[in-house]
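Numbers here simply count residues along the sequence, with the first being 1. All figures in this text were calculated on a predicted structure; none of them were measured in a lab.
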Amino acid sequence: MNLTGTDAVTLQFQFRQSQPIVQISHDKTSNDARAGASQMDKIEGLKEILEMDPKNSFARYGLAMELAGRGDTDAALAEFATLLTHDPDY
């Protein structure tokens, strides 16, 4: 396939626009802190959703998975139990 003129420029532009933007940090401590804060933000956000809609199975499952990923097994199991109480087929 031979591209000339405007077509070639357009394809190059579209390709460049689809390139991911990556930030690289060499400070492991700040990366760990950001990851912990991000995880807490997810947990807090899911809890807020569940305050408004306690039977939201998707949010309940997400909260359980986030808690499990953090190593808070007891809290994760409690959320899974609540999920199955409200939505046994989930």
Heavy-atom side-chain contact between Asp87 and Asp89 under 4.5 Å: yes
Joint hydrophobic cluster, Leu67 plus Leu50, side-chain heavy atoms closer than 4.5 Å: yes
Within 6.0 angstrom of Phe80 CZ, more than 12 heavy atoms from elsewhere: yes
Atom OH of Tyr90 with >12 non-hydrogen neighbours under 6.0 angstrom: yes
Cluster link Leu83 to Phe58, ILVMFWY, side chain under 4.5 Å: yes
Donor-acceptor contact below 3.5 Å, side chain Arg60 vs main chain Lys55: no
Minimum heavy-atom distance Ala64-Ala76, with the two atoms named: O-CB, 3.4 Å
Tyr61-Ile49 co-clustered via ILVMFWY side chain contacts under 4.5 Å: no
Gap separating the CG atom of Asp41 from the CG atom of Leu46, nearest 0.5 angstrom: 11.0 Å
Glu66 side, atom CD; Glu44 side, atom CD - distance, nearest 0.5 Å: 11.5 Å
